[in-house]
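Working notes, beginning with the structure itself.
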There are 2 protein chains.
Amino acid sequence: MAHHPAHHAPSVELPAEPTQARRFGKTRTALSAVVLEDYAELIADLLAANGEARPTDIARRLGVSHATAIKTIARLKRAGLATARPYRGVFLTEKGHDLADRVRVRHRLVVDVLRALGVPSEAAEADAEGIEHYVSESTLKAFAQFLKSRG
Amino acid sequence: MAHHPAHHAPSVELPAEPTQARRFGKTRTALSAVVLEDYAELIADLLAANGEARPTDIARRLGVSHATAIKTIARLKRAGLATARPYRGVFLTEKGHDLADRVRVRHRLVVDVLRALGVPSEAAEADAEGIEHYVSESTLKAFAQFLKSRG
DNA sequence: ATTACAATGTAGCCTTGGCTACACTTGTGA
DNA sequence: TCACAAGTGTAGCCAAGGCTACATTGTAAT
Ligand SMILES: [Mn+2]
Ligand SMILES: [Mn+2]
Ligand SMILES: [Mn+2]
Ligand SMILES: [Mn+2]
């Protein structure tokens, strides 16, 4: 098997392997953070709106079973993002609050940029829910700049 | 337990539950497609560049073990996106090619928009690798429009 | 023909994020 | 007081995507 058959010269450009692997790896890392970020953001919102964040409410809003929500809350605790005592609701640690704040900033900025680009608001909100988890500092900065510079 | 304590009136606005659940659900669906989309796009690129797509090459470019790549290739087959016979490389079905084409279009469009917004190219490429999986038709259209209207 | 090595495949393990089904708390209202 | 329903927790299942370790196959060179 060994080597590539040199059938024909590469006629299509690909990024160098290590570069491409790094990019994909970054995406995978982000992937595993998606759920934690959404939970943190939602819990912060519920706490702000209702003064409490109950597993059932979290589950309902996420559209998952309460069992799933509870398991993920356990993961948030393991990650040092939340605290929760049985039957007593969920709270965010400082770290959790920081994360929630950062996610909220990204969420708003992404929605605003999409809207500014002419995306209808429901689509903007829905897409932002995914996009928000992949926006680097560079992109964030560019987004803010773009919004400012264009009123 | 029953009802929410009416401690105080909700002072923060949240989207209606079903709406929010639908958005999150959409994101989860996209999530499970991320890997398939990246594989399809990469396999198409390898086929175009090298005339073949071998599990090892796929693995190297994704930054993943060959065992992982092989398992995912099996999933692509199950999903009707690829064909592969032992020791004979991976090929895309028509469905697989279609998917790869659509993903490539999104990828380019996202990169172009990020670049146009002033994001440095390496960050644009890296972020696009994630963002591309969450861009709806609406947003795609808006992106294309934006690029056209601004030269 | 043999051999050596790269590539491929397989097995078995882990974590995560889903689910359903069932059991236990808790707060309210009768 | 106490029953009952809502909320919460637990157990056990599944698929996916990751890994390492080991076995097999193909091919290119000798
Ligand atoms: Mn989100
Ligand atoms: Mn969000
Ligand atoms: Mn991608
Ligand atoms: Mn891509």
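Chain letters run A, B, ... following the sequence lines, proteins first, then strands; residues in each count from 1. Only heavy atoms go into these numbers, but all of them, side chains included; no hydrogens, no water, no symmetry mates.
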**Asked** Does a distance-only test, which skips hydrogens and angles, find a donor-acceptor pair under 3.5 Å between the side chain of H66(A) and the base of dG7(D)?
**Response** no
**Item:** Base of dT27(D) paired with side chain of Y87(B) (donor-acceptor, under 3.5 Å)
**Value:**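 Between dT27(D) and Y87(B), which were checked side chain against base, a qualifying N/O pair under 3.5 Å is absent.
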**Prompt:** Which residues satisfy the salt bridge (Lys or Arg N to Asp or Glu O under 4.0 Å) test with R75(A), sequence neighbours excluded?
**Reply:** none
**Residue list, salt bridge (Lys or Arg N to Asp or Glu O under 4.0 Å) with R28(A), at least two apart or on another chain** = none
In whole Å, I'd like the distance from the [atom1] atom of [X] to the [atom2] atom of [N].
X	N	atom1	atom2	result
D38(A)	dG17(C)	CG	P	11 Å
R54(A)	dT26(C)	CZ	P	15 Å
L81(B)	dA16(D)	CG	P	13 Å
L62(B)	dC19(D)	CG	C1'	15 Å
R28(A)	dA16(D)	CZ	P	17 Å
R60(A)	dG7(D)	CZ	P	6 Å
E52(A)	dG7(D)	CD	P	10 Å
L36(B)	dA15(D)	CG	P	16 Å

Once side chain to side chain donor-acceptor pair (under 3.5 Å) is applied, do any residues pair with [X], and if so which ones, sequence neighbours excluded?
X	value
R115(B)	none
D112(A)	none
S138(A)	none
T139(A)	S136(A), D127(B)

**Item:** Closest nucleotide among dT10(D), dG18(D), dG18(C) to the I70(A) side chain
**Value:** dT10(D)
**Prompt:** Of all of residues 71-80 of chain A, which get a heavy atom below 4.0 angstrom from DNA chain C, listed by number?
**Reply:** K71(A), R75(A), R78(A)
Under 4.0 angstrom between [X] side-chain N/O and [N] OP1 or OP2:
X	N	answer
R88(A)	dG27(C)	yes
S65(A)	dC19(C)	yes
T68(B)	dC19(D)	yes

Under 4.0 Å between a Lys/Arg side-chain N and an Asp/Glu carboxylate O for [X] and [Y]?
X	Y	answer
D45(A)	R61(A)	no
E37(A)	R106(A)	yes
D101(B)	R104(B)	yes

Using a cut-off of under 3.5 Å, enumerate the N/O to N/O pairs linking the protein to nucleotides 1-3 of chain D.
none

**Prompt:** Across the strands shown, which category fits T56(A) at heavy-atom distances under 4.0 angstrom: base, sugar-phosphate, nothing?
**Reply:** sugar-phosphate
**Message:** Going by the rule side chain to side chain contact (heavy atoms under 4.5 Å, CB included), which residues pair with T56(A) if we only count those two or more places apart in sequence or in a different chain?
**Reply:** R60(A)
**Prompt:** Hey, which of these two, A53(B) or A67(A), hits DNA chain C nearer its 5' end, going by closest nucleotide?
**Reply:**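 Nearest nucleotide further toward 5': that of A53(B).
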